[in-house]
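Questions regarding the structure given below will be posed in turn.
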Amino acid sequence: MTRALLTNPPATVAAGAPITLISGPDVWMEGDATLQLAAVARLAGCVRAAGMPDLHPGRGYPIGAVVATRDVVHPQLVGGDAGCGARIIVTTVERTTPDQLDRRLRAQFEAALVDAADPAALFAAAWQRGGRGLAEVDGLPDGLRQLAAREPDDDRLPPSGDPGRYQAGFEQVLGTVGGGNHFAEISRVDDVRDTATAAGLGLARHALVVVAHSGSRGLGTALGAHWGPRPLRGTERDDYLGELAGACRFAHANRLVVAYRLLSALGALRDHTLRGGFDVTHNDVRAERLDGGEAWIHRKGAAPAPAGGLTIVLGSRGASSWIMLGTGAAAGLGSVAHGAGRKMKRSEALAKLKDRYRRSEVARSTLGGRVICDDKALLFEEHPDAYKAIEPVIAALVAHRLATRVAALTPIVTVKL
DNA sequence: ATGTAC
């Protein structure tokens, strides 16, 4: 059965909803992950499931999966890191002074954002309007407010439910990266494959791009704890979706503040040094068209890739990220992988790599980039060796026509503070 | 992934 799952083109597995596995040559997939995907396809209301080439085992449910349901929504298929995603902003800056940049990055990420702003107003702005909301909050740095004013409003359903349940202190985490695979990064455009699309983003070879990969931090965990592991229907489902909308907007605001901090350290906050950018959420559930009807599309570690939509597949500090252009292909449920995907569990990576590398080696990547991280365990847990190779993942997405390549970004400095 | 407890 595992062998059948790993065939290419995609295989369909009996029992439960049809599953499409987006795999290809040299894409490693752990058997446990495909078993988890098969289990997901048997959940209440499930009509389709897709495994992306970064599929790997999660807690109960796999990461790198897209699950379509009718009527029922499963909060567990979004996970505790609800609203997590990636944000990029393109600059015209080409040069940095490494030591000065390190100092500036530390200063940015170690400073408190909220000192001068009213906490309740800050939380409400992020929950209600995401990054755009920060433009209206008094007391925030001018550069951040100007960056926020450039943001379009979110087109998803408006937040509802009870934000009062969650607003105790979460504004404190706005602008923080978090742990695990989250990072803030300055990277360089080193390979442009689609010049027209790249030009639309203002993206030119050698230019520096800031990348923020983070989520709603403790807020998503609180949401998951409140709603629990059961399927939701009717008004309960709608209340959850309203609160998820708030958490997703909060996560978007968080990534914008992280991007602001990177741009600030880089000295790229002026109008003439800023180009385009975009933000994608890869842990989410939303209503989308499917087979002529509407379905709830759950994404857990899968980035939306609608026809003509920009998206990003995140590399590691030892591998490039790829900006891609979606096709909206039904086979992938309008999605792509969110990254290379883990090859080793965190505990396994720590145990194996501690003996393989010195600590001075893990703070530097094979691509010449630097890592700013004070957590020794995290340096090993998130080492590039703990991840699959990115190139076969991108090649599989292209071969299955889920997206096309726009440009590759090579990490220069990765911040995990 | 996270905040907190062990």
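Side chains are part of it too, since the values below use all heavy atoms of this structure and drop only hydrogens, waters and symmetry mates. Numbers restart at 1 for each chain; the letters A, B, ... are given by sequence-line order, proteins then strands.
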For this session: Select base, sugar-phosphate, or nothing to describe what A/Asn283 touches, counting heavy atoms under 4.0 Å on all strands.
Result: nothing
Problem set entry | Donor-acceptor contact present, side-chain A/His56 to main-chain A/Asp54, <3.5 Å | yes
Exercise. Do the two ring centres, one from A/Phe123 and one from A/Tyr166, sit under 6.0 Å apart?
Worked result: no
Exercise. Can you tell me if A/Ser335 and A/Arg299 form a side-chain donor-acceptor pair at under 3.5 Å?
Worked result: yes
Exercise. Residues two or more places apart in sequence or in another chain: which of them pass salt bridge (Lys or Arg N to Asp or Glu O under 4.0 Å) with A/Lys352?
Worked result: A/Glu348
Enumerate the protein-to-nucleotides 2-6 of chain B contacts in which both atoms are nitrogen or oxygen and the separation is below 3.5 Å.
residue, atom, partner, partner atom, Å
B/dT2, OP1, A/His182, ND1, 3.3
B/dT2, OP1, A/Arg217, NH1, 2.9
B/dT2, OP2, A/Gly179, N, 2.4
B/dT2, OP2, A/Gly179, O, 3.3

Exercise. Got a salt bridge between A/Glu381 and A/Arg342, using NZ or NE/NH1/NH2 to carboxylate O under 4.0 Å?
Worked result: no
